[in-house]
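Values reported hereafter were calculated over all heavy atoms of this structure, with side chains retained and with hydrogens, waters and symmetry mates removed. Remember, it's 1-based here, ligands and their atoms both numbered in the order they're listed.
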Amino acid sequence: MDKLLISGGACLEGELRASGAKNSAVTILAASLLANEPVTISNVPHLRDITTMIELLVSMGVEVVVDEKMNIEIHANTIKSFVAPYDLVRTMRASFLVLGPLLAHYGEAEVSLPGGCAIGPRPVDLHLRGLEALGAIIEMKEGYVKARVNGRLKGARFIFDVSTVGGTEHIMMAAALAEGTTVLENCAREPEIIDLADFLNAMGAKVSGQGTDTITIEGVESLGGCDHHVIADRVEAATYLIAAAATGGHVKMRDVIPEHLDVVTSKLRESGADVTIGEDWIDLDMRGRRPKAVSLVTAPYPGFPTDLQAQFLAMNTIAEGTATVKETIFENRFMHVHEMNRMGAQIRLEGNNTTAIVEGVDVLQAAPVMANDLRASVSLVIAALIADGDTVVNRIYHIDRGYEQVEEKLQNLGAKIKRIQSR
Ligand code: UD1
């Protein structure tokens, strides 16, 4: 398994381009199963999660052509099997999202249940209840969801119990080919949901209200081909800005959508950074200063994203003052705390492990560390950048799932980082 060796102390400086959004791209790849004609998706990041999704489509007989720029052409009508096996769904939960499109387009699907993951149980009950509301007949058998429908799915009104990004996306996709109108309430409002709705509408769907908590989908009989450019990855872009703030550096992120990061830039300003925002760029200058402690509570969009909690925690370890970081989305999302404490951080968990109290220290010390989820792993890279000495971050396959060319991008900013490959 590959590792990263990072020598701490460098102040990150320079310019980077944000990649396409992983969370948008994986869902849009699943949604391509709804089309009767070829679709082309561009600005897709070169990541392991994307390769897993492509592997899944290919395993079902779908013809996928990828060019050297990661433009992906998908011919869904070559499909031969409607099964998503355990081995693929287990490695990436988002692959569960093929269930709704398969069911809506072909009337049947057999998809492995994703099971638990490193950040808690992460149920899919709302995905299944939403599909049932549209008329799906669902059975659980040997760890698989077997779904079928007599004729087409039927439009319905459905209210989500909690704000769920994947759940909202899943039912939106299925409803696109249903007979009649679907009204979804208490929907998640994340930008990736708007990107998915734009993709569906480009194929001929009639989705409106995306970005609000009520989404209306007038079902159509079939969907055609389209070209779609995936939005910028707000989590990736913010990760580099936080790393810049933590190291006292100066980084400009280009090709971003600044309004998607409003809450994050305001938290970065609270840390003492000078943040300048243009039409499609964000410039952060810390001028060599030590960051100030920043307290935060994670919440559904437009609140503070859970996917950036770990990175802010890393910055807080060496900040001036004490910060309170509260996680409200996932149950078990503080695994990185124990690793950071091994590097000399002063973090204690309270409230049944839902809140971290971080007392800033002057400096972290290098130590071998590892993490078992994507954002926790990258937060350890930030901790390593601000630590004294050489840190080895183990199990970086998690980072490769969601950060395109992480070491090249950090090297471009002046970080001393290298990949140690092992067989
Ligand atoms: C997506 C993102 C992930 C991000 C998360 C929250 C993708 C591929 N992943 O994950 O990076 O951290 O949104 O912003 O887009 N829940 C239920 N029942 C369900 C579904 C969800 O109770 O059927 C709960 C979850 O346990 C969690 C909360 O809803 O507590 C939010 O999860 P959700 O928004 O669904 O996360 P994902 O879509 O899996």
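- Ligand-side atoms of ligand 1 in range of G166: 35 (O), 38 (O), range being under 4.0 angstrom from any heavy atom.
- Ligand 1 has a nitrogen or oxygen under 3.5 angstrom from a nitrogen or oxygen of V165.
- Contact annotation: for F330 versus ligand 1, heavy atoms closer than 4.0 Å belong to the side chain alone.
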Should I347 and T317 be marked as a side chain to side chain contact (heavy atoms under 4.5 Å, CB included) after you check the CA-CA gap, both sets of side-chain angles, and the distance that decides it? CA-CA 8 Å; I347 314 171; T317 60; 3.9 Å; yes
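- Using a 4.0 Å cut-off between heavy atoms, I329 contacts ligand 1 through both its backbone and its side chain.
- Atom CD of E350 has more than 12 neighbouring heavy atoms from other residues, nucleotides or ligands inside a 6.0 Å radius.
- For T306, the side chain to side chain contact (heavy atoms under 4.5 Å, CB included) criterion is met by T298, E327, I329, F330, R333, not counting sequence neighbours.
- Residue P300 places no heavy atom under 4.0 Å from ligand 1.
- For R93 and D49, the salt-bridge test fails: no basic side-chain N is under 4.0 Å from an acidic carboxylate O.
- A salt bridge does not link E270 to K292: none of the charged side-chain nitrogens sits closer than 4.0 Å to a carboxylate oxygen.
- Look at A188 and you'll find every heavy atom at least 4.0 Å from all atoms of ligand 1.
- Residue H127 places a heavy atom less than 4.0 Å from ligand 1.
- By the 30° and 60° cut-offs, the orientation of the rings of F334 relative to H336 is tilted.
- Here D87 contributes atom CG and T52 contributes atom OG1; the two are 11.5 Å apart, rounded to the nearest 0.5 Å.
- Residue-to-ligand polar distances keep G167 apart from ligand 1: every N/O pair is separated by 3.5 Å or more.
- Atom numbering of ligand 1 starts at 1 in the shown order; those under 4.0 Å from a heavy atom of R333 are 12 (O).
- Close N/O approach between T164 and ligand 1 is found [any backbone or side-chain N/O within under 3.5 Å].
- Considering backbone and side-chain atoms together, E169 places no N or O closer than 3.5 Å to any N or O of ligand 1.
- Side-chain atoms of Y403 and R375 form a donor-acceptor pair, as typed in the model, at a separation below 3.5 Å.
- The residue from D307, D161, L308, L126 that puts a heavy atom closest to atom 3 (C) of ligand 1 is D307.
- Considering backbone and side-chain N/O of A94, none are found under 3.5 Å from N/O of ligand 1.
- Residue pairs meeting the salt bridge (Lys or Arg N to Asp or Glu O under 4.0 Å) criterion with at least one partner in residues 189-206, sequence neighbours excluded, are E192-R234.
- Between K22 and ligand 1, no N or O atom pair is found at a separation short of 3.5 Å.
- Residue contact check: V162 has heavy atoms under 4.0 Å from atoms 29 (O) of ligand 1.
- Every atom of ligand 1 is numbered from 1 in the order shown, and the set under 4.0 Å from a heavy atom of T306 is 6 (C), 12 (O), 14 (O).
- Aromatic pair F304/F312: centroids less than 6.0 angstrom apart.
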